[in-house]
Amino acid sequence: MNHPIEFEGLVKQYGERKVINELSFTVPEGSVVGLLGPNGAGKSTAMRVLLGLQKPTAGHARILGSEAGGKGFRDAVRKVGSIIESPPLYKGATALQNLEIRVGAYGMSTRDADVRGILNQVGLAERVGDKVGNFSLGMRQRMGIALALVGDPSIVVLDEPTNGLDPQGTVEIRDLVRSLPARGATTLLCTHRLAEVEATCDYVVVLRLGELLAQGPIDEVIANATSSGYRIEVDASEVPNALRILGSMGLGELAAEGGVVTTTEHIENPADISRALAAESIFVRELHTERATLEQAFLKIVEEAGGV
Amino acid sequence: MSGEIAKLKYLALPRWTAGSVFAVALIVGAALLVFPPSKVEKYATIPAFALGTAFGIAAIVLAVWAASVEFSSGTLQRTLTAEPIRSRVLGSKLICVLVGTAIVGLGAAAASAGLSEIAASNAGVSLDNGDLAKQVFSQVPSGLAFAGIGFGFGLLTRSMGGGITLALALAFIADGIIGFIPGFEHIGFGRLTHDLTSGLSGQGDTANGLGAALFGTVVWVAMVMVPGWLRFTRGDLK
């Protein structure tokens with residue numbers, strides 16, 4: 001699998017202060033990766049180094065195999081659409097003029113870039129002639145995304161793209177981000193909205209104080225960080241027997257309250273639980289798979305590393 | 001380059017700045033028409049002085065803006081992802097500033113000379129058109145030098161206010177501060193650009209020859225622009 005975005009031993013230091021420390025991770029092609037971390041984790045700095053706005057103290061940040069100042073970087077970075085921290089807008093210009101400036105910088109014509117199609121995608125087609133300085137925060141976010149989509153980028157880097165959006169706008173932008181892989185774009189998404197990451201991303205990378213704490217597919221990160229198991233309801237009088245049987249099935253730590261037994265581990269086939277209990281005439285009333293949320297996993301990962 | 005041209009075209013400050021220079025030319029022309037001067041040479045010296053001052057300030061404002069607009073609007077990331085070679089970004093901006101400044105300067109000089117000629121003929125005064133043209137058009141090269149220091153200070157300060165203040169101080173105040181130092185009386189930026197304009201127009205007192213004034217002006221512009229250029233191309237940007 002190709003990895004259009006790669007960080008390898010990246011260090012960024014301002015004086016004595018390290019804001020990124022030996023950061024290494026890759027973003028698989030066509031995936032949506034969430035970059036998470038508390039404020040000051042180094043997320044935006046990592047993105048700036050990636051785009052060549054800031055120089056690394058040590059290590060490498062590569063886009064499509066090229067790093068800033070190196071061979072092929074110009075062609076590579078021109079395939080990136082980005083918003084870092086706030087939408088990069090000329091507030092005195094209209095939505096269309098902002099896009100025309102962007103298109104001009106790429107040496108494209110507005111027709112080739114399909115600027116009206118892009119404005120339509122982000123729901124700003126009706127406001128094409130309005131100055132973006134008069135836009136609401138949410139509309140500016142949409143405008144920023146429109147700018148990031150100019151030139152049909154193969155990599156999209158978005159920092160808090162739903163900041164200031166209402167629930168409907170959030171859903172629309174979430175759908176848009178989800179549609180990027182189908183357009184052939186690899187996406188690096190930086191946000192504090194963990195529910196949004198869970199709904200949008202395939203992989204997550206967790207940073208704290210410039211250091212990598214966790215990375216991988218969302219389910220794997222959650223499973224590694226939190227104990228998730230089953231909630232099994234049986235007749236309260238059968239609980240001691242149920243605990244004896246379940247204790248030999250590799251379900252981790254068991255706890256009981258009333259007629260409910262909870263486990264901390266999963267097994268390959270949950271039906272084995274019902275079968276084993278039924279063999280001893282204990283009949284399961286309900287069996288739920290308990291799954292921690294990304295938010296719970298994130299908080300635990302950060303807390304174990306020393307907190308925010 | 002197209003992106004920089006689009007910024008000049010669509011953003012408000014370049015339009016207002018150019019408009020102000022033309023407005024000054026128009027107002028001075030109207031004033032000459034309504035209040036005809038008693039001395040013939042005033043039909044050339046008044047518009048040349050007004051144009052020179054307004055154009056010089058406008059050139060500084062436009063150049064500082066061009067150099068610092070990405071910092072104030074937070075648009076560097078989009079500019080540098082479209083063109084990551086920072087020297088090219090600055091080169092495009094500088095060319096646009098110098099060409100734009102020259103177009104405005106030449107246009108305003110032409111308008112100013114034309115209005116002065118109309119005012120003079122209206123008052124029944126015969127002007128030496130060659131002399132009039134020399135006086136107004138000779139303001140353009142020093143205006144380009146003002147743009148050069150404005151661009152440099154814009155890059156150094158990354159701020160519209162800071163850049164304009166420093167550029168205006170160098171152009172209009174610094175000579176008075178360093179002029180008392182023996183050997184520095186005639187090599188301040190203001191003196192050199194004045195001598196450049198005087199040398200081209202053939203009018204006024206000069207302390208330096210045309211060649212020396214041009215060389216000294218270029219050295220001043222380079223002294224301001226090179227550190228700004230290096231700061232932009234080598235430093236971290238947000």
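Numbers restart at 1 for each chain; the letters A, B, ... are given by sequence-line order, proteins then strands.
Using a 4.5 Å cut-off between heavy atoms, B/E4 makes no contact with chain A at all. Only the side chain of B/I85 comes within less than 4.5 Å of a heavy atom of chain A; its backbone N, CA, C and O stay farther away. Residue contact with chain B, scored on non-hydrogen atoms closer than 4.5 Å, involves the backbone and the side chain of A/S82 alike.
Ion pair A/K79/A/D75 not flagged as a salt bridge, since none of the NZ, NE, NH1 or NH2 atoms sits closer than 4.0 Å to an Asp/Glu carboxylate oxygen. The pair A/R174-A/E196 does not meet the salt-bridge criterion, since no charged nitrogen lies less than 4.0 angstrom from a carboxylate oxygen. Electrostatic pairing of A/R74 and B/E83 counts as a salt bridge here, judged by a charged N lying under 4.0 Å from a carboxylate O. By the 4.0 Å N-to-carboxylate-O rule, A/D152 lies close enough to A/R183 to be salt-bridged with it. In summary, B/D236 and B/R231 do not engage in a salt bridge, as defined by a charged side-chain N under 4.0 Å from a carboxylate O. We find that A/R142 and A/E172 are joined by a salt bridge, their nearest charged nitrogen and carboxylate oxygen being less than 4.0 Å apart. Ionic pairing of A/K55 and A/E67 is not present here: no N-O contact between side-chain nitrogen and carboxylate oxygen is shorter than 4.0 angstrom.
Counting heavy-atom pairs under 4.5 Å between each of A/I84, A/V77, A/L53 and chain B puts A/L53 at the top. Ranked by heavy-atom pairs shorter than 4.5 Å toward chain B, the options A/P88, A/A105, A/G104 are led by A/P88. For chain A, the option among B/S2, B/S92, B/A82 with the highest count of heavy-atom pairs below 4.5 Å is B/A82. Options A/L51, A/V49, A/L89 differ in how many heavy-atom pairs under 4.5 Å they form with chain B, and the most are formed by A/L89.
When the heavy atoms of residues 95-118 of chain B are compared with those of chain A, none of the residues falls under 4.5 Å.
Put simply, the side chain of A/R102 gets close to the backbone of B/R78: a donor and an acceptor are under 3.5 Å apart.
Between B/F146 and B/F151, a ring centre-to-centre spacing not shorter than 6.0 Å is recorded.
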